[in-house]
Amino acid sequence: MDDLITRLNDQEQQRYQKMVRLRERGINPYPLRTARTHTARAALDAFARGEAVTGAAFAGRLVALRDMGKLTFAHLQDGTAKIQLLVRKDVVGAEQYALLMKDIDLGDFIGVTGDLVRTRTGEITIQVATFELLAKTLSPLPEKWHGLKDTETRYRQRYLDLLANETAREIFIKRAQIVQAMRKFLDGQDFLEVETPVLQPLYGGAAAEPFVTHHNKLDRDMYLRIADELYLKRLLVGGYERVYEISKDFRNEGIDIKHNPEFTMMECYQAYGDYTTMMDLVEGLYGACALAAHGTLQITYQGHALDLTPPWRRVTMRDLILETSGVDIYTATDLPALLRRIAELNLKVERHPTWGKLVDELFSTFAEPTLIQPTFVTNHPTEISPFAKKTLENPNVVERFEAFAANMELGNAFTELNDPLDQYARFVEQQTQRQAGDKEAHQIDLDFIEAMMHGMPPTGGLGVGVDRMVMLLTDQASIREVILFPQLRS
RNA sequence: GGGUCGGUAGCUCAAUUGGCAGAGCAACAGCCUUUUAAGCUGUGGGUUCAGGGUUCGAUUCCCUGCCGACUCACCA
C-alpha cells in the first residue's frame, strides 16, 4: 500500500492527507450505509409540481463548490440529475461547515438532508440541514468547463468520459433503450430469445478470420464465434419456428471507425419466411428502435437527413452496379468476361478473384458510396453467399439482401439454404477458395450438414449489427463512441 | 501493415529562427451570507511520452520505440 501512496501526485497526496485527518477524528471516509429518501430528479419534479419537499435525504457526487464565506453553494450530481445545495454556516454549525471547507473535495460522494427552497435566482435548491461523507475520492476529476477531450483517456478510462461528458452518458442510455426496443419488438413477433456457443470447435456463418483459443483439458484449439448463424439454424431443425440471439461476435480483422474486433450482432430466423419477410422485419425493427431512441423515423446522420419510413428502396445489385459503373454483371457472366470489363475501368483486382468477389468489388467501389437513404440491395452472387438459396431465374445469384443507409451496412439477410446437398456443394466450393489462399472462406461443417439432412423448414434469416444501429440512431461517426470499452491499439 | 498529424501541470491549452516551460480551471493559504464557468489577494505544482543523436544550449531539429487520431489497405 505504501508504494501506491508514494505514487500519488500532489493533489492526490492532499486528498489522502484529508482522508487520514477524517479517520483521526473518527469519521469513516467509506461508511457502509446510505440513507436516501429522494433522487434529485424526483425531488425537483415534486417541487416543480408545487409539493413541499422537507426533511429529504439525498446522495450523490459533489461536482461544484462556490464558497461565499459564511455560506456555500454547491451542486450534487446523482444518477438522475444535478441539484444545487445551499450550505449555511449558521445552520449546519461551525464544525460541520469547516469539515466541508477543509476535508471534503470536489468529486467526493456525500449525503445531505434538508428542505427544498428556491434561491433568489429561482433555482430549486436543497437548503442543507446536515451532510456526511459517503465516499472519499483520491483522484481529482476532469475539469468542469472544458471537460475531458483526450480520446485515449476517454476510451481507456470511460468512467471519466461518462462523468465529464453529458453526450457520452446519453449515448449509452440510448443504446440500452434501443436494445430493449429490439427485444420487445422481436418478442412481440413471437421470436424466442436463445443463447448459442461463443466458444466453438469450428467457426462459420460469415466470411471472417476468427480468434483462436485453446481448451487445456481437451487439449484442442477452439474459436470465438464469428456469427451465430449455424447454431441458430440447428434450432429450426429442432422445431422452433422463430429464434433470435443478441450477442457478441468476434472477428480477427483490422480496427477502424466502423469495426471493433468484438461487436454486437442480432441474428434471427423465421421458419416459412424468406428474404422479403426479412425486409419487412428490418423496416419494422429499425422503426421500433428509432421510435424508442428518437420518437420519430426522420433522423439526421452526419449531416444527412434520413427517412426510415417503410417501404425502403429495393434494388438489385445488378441494377445498382449497372447504374453506377455501366457494367452489366448479367452480361459478363463469367470470370474472364468480367475481368475484361474491370480492366477497362482500371480497377484493382485481388489475388484470388472469382466472379462473385469481383461483383462485390464493383459494388463496393461504385454503388455503395451512393447509398444514403435506407436501401435494400438484393440478389448477391452465389459464390459469396454460401448459405442462401439461388434465385429461380439466375443460379449465379441468390435471394439475399444487405440493408444500407448513410453508406453503412446495417443488415444482411437470406432466403436460407435448406438443401443439405446444395449446402455441402457450397462448402466444397468454399474449401476450394480456402485452398487457393482465402483465409476467410468457410471450413466444411459436417455437423451442420448432418443437422440439415434431418430437415430444416424454408426459412428467412437476418443479421443486424447492433453497434451500427446505435451509431445511426445516435448520430455517431465512430463505433468507438457507442461501445463502452472499445478495443484500442494495445 | 502503409501514409499524415499529434503526445507539455490533475483537466483544457500556449510557448517567436534553437535561448529561464506559461495561462485558465483544479489544488493550497486567506477575504466574502444568494452564487451558478462566482469574485478578489497570495502560494505551490513539470521525467515537455520514452531512449538516443546534433548543439554552448532541445518542448522546438534528426533517429528509434511506445501510444492515439485521421486515412489507405483489410473488412459480408
Side-chain angles (χ1 to χ4, degrees), chain A residues 8-15 17-18 63-75 82-91 97 101-102 105-107 117-123 125 127 137-157 160 163-165 205-209 226-227 229 249 251-261 263 265 317 348 350 356-357 359-361 363-364 368 377 380-381 383-388 398 400-404 409-414 439-442 463 465 477-478 480 486 488-490:
Chain A
L8 301 179
N9 65 42
D10 62 334
Q11 293 197 34
E12 290 167 336
Q13 284 288 355
Q14 280 164 349
R15 285 167 179 248
Q17 291 307 327
K18 291 177 183 183
V63 293
L65 260 182
R66 294 179 294 280
D67 173 12
M68 310 288 296
K70 294 189 181 64
L71 90 170
T72 293
F73 288 98
H75 271 102
K82 193 159 73 172
I83 189 166
Q84 183 167 258
L85 308 179
L86 172 55
V87 186
R88 292 169 53 157
K89 189 175 180 178
D90 56 4
V91 172
Y97 196 79
M101 290 306 113
K102 298 292 178 191
D105 290 299
L106 285 182
V117 297
R118 263 187 212 277
T119 61
R120 276 178 206 169
T121 56
E123 180 164 350
T125 299
Q127 178 138 288
T137 301
L138 285 180
S139 300
L141 300 180
E143 194 233 335
K144 59 188 172 187
W145 186 241
H146 296 91
L148 180 67
K149 291 187 177 171
D150 182 73
T151 49
E152 189 175 353
T153 308
R154 287 188 50 230
Y155 297 149
R156 287 193 197 280
Q157 295 175 272
L160 295 179
L163 282 172
N165 298 317
E209 281 193 64
I226 59 173
E229 175 137 359
D249 287 352
R251 297 186 185 175
N252 208 338
E253 291 161 355
I255 299 169
D256 66 32
I257 200 164
K258 286 179 186 168
H259 296 84
N260 197 61
F263 62 101
M265 179 76 100
M317 195 171 245
K348 187 176 70 79
E350 61 177 300
K357 286 182 189 172
V359 168
D360 197 37
E361 185 67 29
F363 175 77
S364 303
E368 200 176 319
V377 179
H380 296 58
E383 282 170 331
I384 59 169
S385 312
F387 299 105
V398 293
R400 172 181 177 183
F401 71 78
E402 288 179 299
F404 287 88
E409 191 213 318
L410 304 178
N412 184 24
F414 323 129
K439 282 193 229 166
E440 293 174 350
H442 275 82
S478 170
R480 291 190 281 278
L488 300 183
R489 194 173 273 272
S490 163

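Order of the sequence lines fixes the chain letters, A, B, ..., with proteins taken first and strands second; residue numbering starts at 1 for each chain.
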Next item on the list: Quick one: look up who B:U8 pairs with, Watson-Crick or G-U, both distances under 3.5 Å, and put none if it's unpaired.
Entry: none
Next item on the list: Measure from CG on A:N9 to P on B:G45 and round the result to the nearest Å.
Entry: 14 Å
Check: Whole-Å distance between B:U34 P and A:L86 CG?
Finding: 10 Å
Margin query: Which residues pass the side chain to side chain donor-acceptor pair (under 3.5 Å) test with A:H442, not counting sequence neighbours?
Written below: none
Checklist line | Most 5' of A:G147 and A:R66 on RNA chain B, judged by nearest nucleotide | finding: A:G147
Checklist line | Sequence-distant partners of A:F363, ring pair (Phe, Tyr, Trp, His ring centres under 6.0 Å), two or more places apart | finding: A:F404
Notebook entry, point to check: Just by protein heavy atoms under 4.0 Å, how would nucleotides 71-76 of chain B read 5' to 3' in B, S and -?
Noted result: ---BBB
Margin query: Under 4.0 Å, counting only non-hydrogen atoms across every strand here, what does A:R480 touch: a base, just sugar-phosphate, or nothing?
Written below: sugar-phosphate
Note to self: If the cut-off is 4.0 Å, is A:K102 near the phosphate of B:C28, judged by side-chain N/O to OP1 or OP2?
What the structure shows: no
Note to self: Could you work out, with salt bridge (charged side-chain N to carboxylate O under 4.0 Å, His left out) as the rule, every residue matching A:R480, not counting sequence neighbours?
What the structure shows: none
Notebook entry, point to check: Any donor-acceptor pair under 3.5 Å between the side chain of A:R120 and the base of B:U34?
Noted result: no
Checklist line | Any residue meeting salt bridge (charged side-chain N to carboxylate O under 4.0 Å, His left out) with A:E152, in chain and number order, not counting sequence neighbours | finding: A:R156
Next item on the list: Measure from the side-chain N and O atoms of A:T125 to the backbone N and O of A:T119, and report whether any donor-acceptor pair falls under 3.5 Å.
Entry: no
Check: For RNA chain B, whose closest nucleotide is more 5', that of A:L65 or that of A:L71?
Finding: A:L71
Margin query: If the cut-off is 4.0 Å, is A:R156 near the phosphate of B:G68, judged by side-chain N/O to OP1 or OP2?
Written below: yes
Check the interface with nucleotides 42-44 of chain B: list each N/O to N/O pair with the protein under 3.5 Å, or write none.
unit_1: B:G44; atom_1: N2; unit_2: A:D10; atom_2: OD2; d: 3.3

Notebook entry, point to check: Under a 3.5 Å cut-off for both distances, is B:U35 Watson-Crick or wobble paired, and to whom?
Noted result: none
Margin query: Please enumerate all residues that pass salt bridge (charged side-chain N to carboxylate O under 4.0 Å, His left out) together with A:R118, with sequence neighbours excluded.
Written below: none
Check: Quick one: side-chain contact (heavy atoms from CB on, under 4.5 Å) partners of A:E361, sequence neighbours excluded?
Finding: A:L347, A:T365
Margin query: Whole angstroms only, please: what is the CD-P distance between A:E12 and B:G10?
Written below: 9 Å
Check: Is the base of B:U35 touched by the side chain of A:Q84 through a donor-acceptor pair closer than 3.5 angstrom?
Finding: yes
Check: Partners of A:E402 by salt bridge (charged side-chain N to carboxylate O under 4.0 Å, His left out), sequence neighbours excluded?
Finding: A:R400
